[in-house]
Chemist: 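A single structure is presented below for examination.
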Amino acid sequence: MEYAIEFEHVSKIYTLKSKDKKYTNDKRFYALKDINFKIQKGEVVGILGTNGSGKSTMSLVLSEIADVDEGEMKVNGSSALIAINTGLNQQLTGLENIELKGALLGLKRDEIDKIIDGVMDFAEIGDFLYQSVKKYSSGMKSRLGFSINLYLNPDILIVDEALSVGDKGFAQKCINKMMELKEEGKTIIFISHTLKQVREFCDTAMWIEGGQLKEYGEVEEVCDHYSEYVSYLNHLGKERKKLELDKKFEKRLLPSVSKESFMDKFLRMIKSN
């Protein structure tokens, strides 16, 4: 059996800076903690999780934009991340972004020209292709980013909430295109809050909560369990919900690192002399 992605005890750790001016009591926490799974080549996996659960961190790690801090990840094939504002240079035009991405991948001029034609046709952003990306709406950025990565034809496509902005017509167009890629045997990771899309499009589903893998399996079963959990959270009062989320965050913390600030250390050295 061939696997597109393998995670063995993978963890990703981030540092939260303290607001304390005198001492920097930096908090380190597990964005992802001890994750284990294997994704078969050609599998379409939906990733679910509440806000702050680690879904976006997972997308950055899967696309190899962020390194793992613990464990081992194996990615067999080229991958591309489609997420709003990710992978686009805000100062360049849409056209220049296409050319830059192609050049970075080592494509020849004629290959880049073919990609440009495909992106122009699929994105449907008209003359905005020749405008700076910083002038784009979120929906237009999503259209351009999605179209570029589609036509770069990666082995593994990672879609992180990219269909949550813009018009429904374009979102359906993207789903239809991904259905074609699915039929071609591409591996697709689909990160979304929309359970309906995950149920209709994905073969399996992965539920991440509190930075940990809670469940991975048949799509309907995982979606049902996740839906029940979201309903449970929504029925809690504001205080109880906050308390539960705080407890989850506390479990993700590593021992804090307390460091004396540079200025405080400098003043102490002067006094001692």
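Along the sequence shown, residues are numbered consecutively beginning with 1. FYI, side chains are in, hydrogens and waters are out, and symmetry mates aren't considered; it's all heavy atoms of this structure. No experiment lies behind these values; they were computed from the predicted model shown.
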Chemist: Is there a side-chain contact between Ile5 and Leu62 (heavy atoms, below 4.5 Å)?
Modeler: yes
Chemist: Cation-pi check, Lys141 to Tyr136: give yes when NZ or CZ is under 6.0 Å from the six-membered ring centre and within 45° of the ring axis, no otherwise.
Modeler: no
Chemist: If you look at every heavy atom in Ala4 and Thr187, which pair is closest and at what distance?
Modeler: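 Reported closest heavy-atom pair: CB-OG1, 3.6 Å.
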Chemist: What I'd like to find out is whether the side chain of Glu64 reaches to under 4.5 Å of the side chain of Ser79, using heavy atoms alone.
Modeler: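 Touching, per the 4.5 Å side-chain cut-off.
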Chemist: For a quick test of reading the model, state the closest non-hydrogen atom pair linking Ile191 to Ser59 and the distance between them.
Modeler: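 That closest heavy-atom pairing would be CD1-CB, 3.5 Å.
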Chemist: Would Glu96 and Tyr130 satisfy side-chain hydrogen bond (donor to acceptor under 3.5 Å, both in side chains), going step by step from the backbone distance to the final call?
Modeler: CA-CA 8 Å; Glu96 289 167 340; Tyr130 309 103; over 6 Å; no
Chemist: I want to check a possible cation-pi pair here: Lys177 against Tyr151, using under 6.0 Å from ring centre and within 45° of the ring axis as the test.
Modeler: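 Yes - Lys177 lies over the ring of Tyr151, closer than 6.0 Å to its centre and within 45° of its axis.
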Chemist: Can you see whether Phe170 has Arg143 sitting over its ring - NZ or CZ less than 6.0 Å from the centre and within 45° of the normal?
Modeler: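 Yes; both conditions hold, so Arg143 lies above the ring face of Phe170.
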Chemist: Mind listing the closest non-hydrogen atom pair of Leu144 and Leu88 along with its distance?
Modeler: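 Smallest interatomic distance, heavy atoms only, reads CD2-CD2, 4.0 Å.
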Chemist: Any idea which heavy atoms bring Leu48 and Cys223 closest together, and the distance?
Modeler: CD1-SG, 3.9 Å
Chemist: Run the salt bridge (charged side-chain N to carboxylate O under 4.0 Å, His left out) check on Glu99 and Arg109 step by step: do they pass?
Modeler: CA-CA 9 Å; Glu99 293 172 330; Arg109 184 67 243 183; 3.4 Å; yes
Chemist: What is the ring orientation for Phe190 with Phe201, classed by angle as parallel under 30°, tilted 30 to 60°, or perpendicular over 60°?
Modeler: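 Judged by the thresholds at 30° and 60°, the geometry between Phe190 and Phe201 is perpendicular.
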Chemist: Count I, L, V, M, F, W, Y as connected when their side-chain heavy atoms are under 4.5 Å apart, and connections chain through other members. Are Leu92 and Phe146 then in the same cluster?
Modeler: no
Chemist: Hey, which of Tyr229, Tyr216, Phe37 is the one that makes ring-ring contact (aromatic ring centres under 6.0 Å, His included) with Trp207?
Modeler: Tyr229
Chemist: Please check if atom OH in Tyr14 has more than 12 non-hydrogen atoms from other residues, nucleotides or ligands closer than 6.0 Å.
Modeler: yes
Chemist: Quick one: do the Glu70 and His9 side chains pair a donor with an acceptor below 3.5 Å?
Modeler: no
Chemist: Please step through side chain to side chain contact (heavy atoms under 4.5 Å, CB included) for the pair Leu152 and Lys101, ending with a clear verdict.
Modeler: CA-CA 9 Å; Leu152 287 174; Lys101 196 75 178 279; 3.4 Å; yes
Chemist: Out of curiosity, Lys251 NZ to Tyr30 OH, how far, rounded to the nearest 0.5 Å?
Modeler: 15.0 Å
Chemist: Charged N to carboxylate O under 4.0 angstrom, Arg199 versus Asp224?
Modeler: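 Salt bridge: yes.
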Chemist: Tell me whether Leu150 is reachable from Leu100 by hopping between hydrophobic residues (I, L, V, M, F, W, Y) whose side-chain heavy atoms are closer than 4.5 Å.
Modeler: no
Chemist: Please walk me through it: do Ile98 and Leu129 pass side chain to side chain contact (heavy atoms under 4.5 Å, CB included)?
Modeler: CA-CA 10 Å; Ile98 301 170; Leu129 188 71; 3.9 Å; yes
Chemist: Should Glu209 and Thr50 be marked as a side-chain hydrogen bond (donor to acceptor under 3.5 Å, both in side chains) after you check the CA-CA gap, both sets of side-chain angles, and the distance that decides it?
Modeler: CA-CA 7 Å; Glu209 201 61 45; Thr50 55; 2.4 Å; yes
Chemist: For Gln172 and Asn176, which I'm curious about, is there any donor-acceptor pair between the side chains at under 3.5 Å?
Modeler: yes
Chemist: Nearest 0.5 Å please: distance from the OG1 atom of Thr93 over to the NZ atom of Lys134.
Modeler: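 Here the rounded value is 12.0 Å.
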Chemist: Counting neighbours of CD on Glu2 that are heavy atoms of other residues, nucleotides or ligands and sit closer than 6.0 Å, is the number greater than 12?
Modeler: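 For Glu2, atom CD is not crowded (no more than 12 foreign heavy atoms under 6.0 Å).
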Chemist: We want to know whether Glu244 and Tyr232 form a side-chain donor-acceptor pair, criterion being a heavy-atom distance below 3.5 angstrom.
Modeler: yes
Chemist: Does the side chain of Asn36 reach to within under 4.5 Å of the side chain of Asp34, using non-hydrogen atoms?
Modeler: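 Touching, per the 4.5 Å side-chain cut-off.
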Chemist: Do Glu183 and Met178 come close enough that some side-chain heavy atom pair is under 4.5 Å?
Modeler: no
Chemist: What I want to check is whether the side chains of Asp155 and Ser78 have a donor and an acceptor closer together than 3.5 Å.
Modeler: yes
Chemist: Kindly say whether Ala80 contributes a backbone atom to a donor-acceptor pair with the side chain of Asn149 at under 3.5 angstrom?
Modeler: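 No; zero donor-acceptor contacts below 3.5 Å.
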Chemist: What heavy-atom pair brings Lys27 and Leu253 nearest, and what distance separates the two atoms?
Modeler: CB-CD2, 4.2 Å
Chemist: Report yes if some heavy atom in the side chain of Phe7 is under 4.5 Å from a heavy atom in the side chain of Met58; otherwise report no.
Modeler: yes
Chemist: A quick test of your reading: do over 12 heavy atoms of other residues, nucleotides or ligands sit less than 6.0 Å from NZ of Lys214?
Modeler: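 No, NZ of Lys214 has 12 or fewer neighbouring heavy atoms, counting only those of other groups under 6.0 Å.
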Chemist: Within 45 degrees of the axis of the six-membered ring of Phe122 and under 6.0 Å from its centre: does Lys173 put its NZ or CZ there?
Modeler: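 Verdict for Phe122: a cation-pi partner in Lys173.
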Chemist: Take atom CG of Asp246 as the centre, draw a 6.0 Å sphere, and report whether it contains more than 12 heavy atoms from other residues, nucleotides or ligands.
Modeler: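 Atom CG in Asp246 is crowded, with more than 12 foreign heavy atoms closer than 6.0 Å.
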Chemist: For Ser11 and Asp69: C-alpha separation, side-chain torsions, deciding distance, then whether side chain to side chain contact (heavy atoms under 4.5 Å, CB included) applies.
Modeler: CA-CA 6 Å; Ser11 295; Asp69 293 304; 5.5 Å; no
Chemist: Can you tell if the side chain of Gln131 reaches within under 4.5 Å of the side chain of Ile125, non-hydrogen atoms only?
Modeler: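 Gln131 does not reach Ile125 side chain to side chain.
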Chemist: Let's go through Asn51 and His193 carefully: what are the C-alpha distance in whole Å and the side-chain angles of both, what is the deciding distance for side chain to side chain contact (heavy atoms under 4.5 Å, CB included) to 0.1 Å, and is it a yes or a no?
Modeler: CA-CA 9 Å; Asn51 289 333; His193 280 298; 3.4 Å; yes
Chemist: State, without any angle test, whether Glu43 and Thr204 hold a side-chain donor-acceptor pair at a distance under 3.5 Å.
Modeler: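 Side chains of Glu43 and Thr204: pair found under 3.5 Å.
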Chemist: Is there a path of hydrophobic side-chain contacts, each under 4.5 Å between heavy atoms of I, L, V, M, F, W or Y residues, that connects Leu104 with Ile116?
Modeler: no
Chemist: If we only count heavy atoms from C-beta on, is the Ile189 to Met206 side-chain gap below 4.5 Å?
Modeler: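 Side chain of Ile189 against side chain of Met206, heavy atoms only: no contact under 4.5 Å found.
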Chemist: Determine yes or no for a side-chain-to-main-chain donor-acceptor pair under 3.5 angstrom, with Arg252 supplying the side chain and Ala31 the backbone.
Modeler: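 Yes, Arg252 side chain to Ala31 backbone: donor-acceptor pair under 3.5 Å.
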Chemist: Is the backbone N or O of Asp67 less than 3.5 Å from a side-chain atom of Lys12, with the two atoms forming a donor-acceptor pair by type?
Modeler: yes
Chemist: Does the side chain of Asp160 come within less than 4.5 Å of Lys55's, by heavy atoms?
Modeler: no
Chemist: Examine distances only and state if a side-chain atom of Asn234 and a backbone atom of Val230 form a donor-acceptor pair shorter than 3.5 Å.
Modeler: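 Yes, because the side chain of Asn234 sits within donor-acceptor range (under 3.5 Å) of the backbone of Val230.
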